[in-house]
Amino acid sequence: MPFPKGFLWGGATAANQFEGGWDADGKGASVPDHIRGGTVDTPRLWDKDIDPNVYYPSHEAVDFYHHYKEDIALYGEMGFKCYRLSINWARIYPTGMEEEPNQAGLDFYHKVFAECKKFDIEPLVTISHYELPWGLSEKYNGWTGREVIDHFVRYATTLFNEYKDEVRYWLTFNEINIGVQAMGRIMSLGMQGDDHKPMFKLEETPEEASDRFTALHNQFVASAKAVVIGHEVNPDNKIGLMIAGNMTYPFTPNPIDVKEAQDKMNMANWFCGDVQVRGHYPYYAKRYFKDHNITVRTEPGDDEILAKGTVDFYSFSYYMSSCASLDPEALKAAGNMFTGIKNPYLKASDWGWQIDPMGLRIYLNAVYGRYEIPLMIVENGLGANDERAEDGKFHDDYRINYLRDHIKAMKEAVEDGVELMGYTMWGCTDLVSASTGEMKKRYGFVYVDRDNDGNGDFHREKKDSFYWYKKVIASNGEDLD
Ligand code: BGP
């Protein structure tokens with residue numbers, strides 16, 4: 001049996017894409033509450049002031065806030081061992097700056113954990129999943145402000161103490177390495193530019209890049225401090241990092257492409273893990289900062305904090321791979337910079353994400369070879385436009401095929417010797433897409449009646465993949481048919 005006993009099979013969601021109840025029971029606005037919906041071709045715009053006449057997908061999302069019992073019961077029925085969810089910071093500290101937490105917000109997650117317990121589901125909590133309170137974002141220009149570290153530490157400490165008897169597994173920041181790319185500014189760092197502009201900003205000045213890397217540095221310090229406190233509060237806590245797994249291949253064997261791919265892997269993928277697992281900045285960062293005129297503003301004592309607060313495990317999302325090249329023709333053909341250069345050997349999803357299960361095996365081996373600490377896949381899945389069939393049901397065999405191929409690759413990696421703790425499929429119940437804000441880009445085993453414009457009554461329905469995943473879990477990954 002390749003998968004160890006106690007392997008954490010399950011699913012994953014994020015508060016801002018799932019909960020709704022954006023201003024319920026004292027919750028404040030967070031950054032995503034200011035971002036409109038988009039599509040694969042139309043970027044999401046963000047607004048400084050929430051416009052009452054505009055539809056913001058996070059405001060109601062798919063209303064887990066009022067459906068949590070039903071949703072967790074469905075996870076129980078599938079046999080989930082683990083449910084990865086995020087806590088919405090602004091539910092606990094509405095502007096991020098209060099001295100005392102919002103009790104109603106704390107109570108909501110107690111109720112959620114109690115439901116998990118009923119079904120023996122281990123919660124895995126992401127402390128910050130693209131959910132910076134708007135108050136902090138505005139006051140401090142997002143994570144650029146050093147002060148945000150203390151606000152985060154207070155928030156994380158509250159969670160560790162409050163949920164001491166309910167939660168063992170924690171992640172500090174979702175996809176922290178998105179902050180390495182200019183496009184990650186607003187989502188992960190909460191920094192703002194001009195009002196009513198696309199959420200993904202691709203061009204920036206060296207000063208803006210310096211702010212961005214300073215913001216990322218502040219997240220590293222905040223994460224390291226939280227790890228130390230989490231271990232003090234409960235030595236049994238397992239606290240991990242979370243990386244957007246960017247598997248990048250050279251487009252050709254031309255050494256300039258190979259070097260380009262290595263550079264991309266270093267900064268876009270390894271950089272944050274190197275800091276958070278090894279406890280210091282990697283050697284190649286110096287040259288990168290010099291070449292890009294970037295100055296990271298740090299303080300004395302930061303090195304010691306980073307060295308102390310290293311993580312217990314490495315978790316990541318994995319959806320696709322891409323290629324790197326310096327050939328102008330290849331770059332021109334690539335078009336969409338979000339997903340990198342197209343690989344002629346792979347097919348892509350309807351949203352242009354190139355499907356590559358073998359890449360997952362390669363990635364797992366590369367990460368484990370680098371750090372030799374336990375790994376966990378905390379996001380993987382296929383975003384697709386599910387259509388109801390004539391018999392009234394959702395026959396999502398394309399999703400089953402995607403997941404089967406990735407689980408097979410994962411199984412091979414475990415046989416290769418990789419130490420893998422678990423697998424939580426992304427968006428186990430349909431939810432709002434982070435990149436496009438659509439409902440149409442669905443990942444779930446469970447369908448939710450809600451569309452891109454906010455129509456629908458939120459009722460849930462099982463898709464074919466629901467029954468398939470149930471068998472996978474019951475057989476501990478043996479029965480994949
Ligand atoms: C990751 C995020 C998730 C999630 C997922 C799928 O980057 O951590 O929040 O949304 O990607 O992306 P999308 O929703 O854009 O399809």
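Please read these numbers as outputs of a predicted model, since none were measured by experiment. If you read the sequence from its start, that first residue is 1, and numbering goes on from there. In each ligand, atom 1 is the first atom listed, and ligand 1 is the first ligand listed.
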Sequence neighbours excluded and cut-off under 3.5 Å, please list the side-chain donor-acceptor pairs for residues 30-40, or say none.
from: S30; atom 1: OG; to: D33; atom 2: OD2; distance (Å): 3.4
from: D33; atom 1: OD1; to: S58; atom 2: OG; distance (Å): 2.6
from: D33; atom 1: OD2; to: K27; atom 2: NZ; distance (Å): 3.0
from: D33; atom 1: OD2; to: S30; atom 2: N; distance (Å): 2.8
from: H34; atom 1: ND1; to: D47; atom 2: O; distance (Å): 2.9
from: H34; atom 1: ND1; to: K48; atom 2: O; distance (Å): 3.0
from: R36; atom 1: NE; to: D47; atom 2: OD1; distance (Å): 3.4
from: R36; atom 1: NE; to: D47; atom 2: OD2; distance (Å): 2.8
from: R36; atom 1: NH2; to: D47; atom 2: OD1; distance (Å): 3.4
from: R36; atom 1: NH2; to: D47; atom 2: OD2; distance (Å): 3.2
from: T39; atom 1: OG1; to: D41; atom 2: N; distance (Å): 3.1
from: T39; atom 1: OG1; to: T42; atom 2: N; distance (Å): 3.0
from: T39; atom 1: OG1; to: T42; atom 2: OG1; distance (Å): 2.7

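Residues passing the side-chain hydrogen bond (donor to acceptor under 3.5 Å, both in side chains) test with D451, sequence neighbours excluded: N455. Judged as a ring-ring contact (aromatic ring centres under 6.0 Å, His included), and not counting sequence neighbours, W270 has no contacts.
Ligand 1 is surrounded by Q17, H129, Y130, N174, E175, Y319, W353, E379, W426, S433, A434, S435, K441, Y443, each with at least one heavy atom closer than 4.0 Å.
In this structure, the ring of Y163 has its center less than 6.0 angstrom from the ring center of H110. The aromatic ring centres of F466 and W468 sit 6.0 Å or more apart. Between F119 and Y75, a ring centre-to-centre spacing not shorter than 6.0 Å is recorded.
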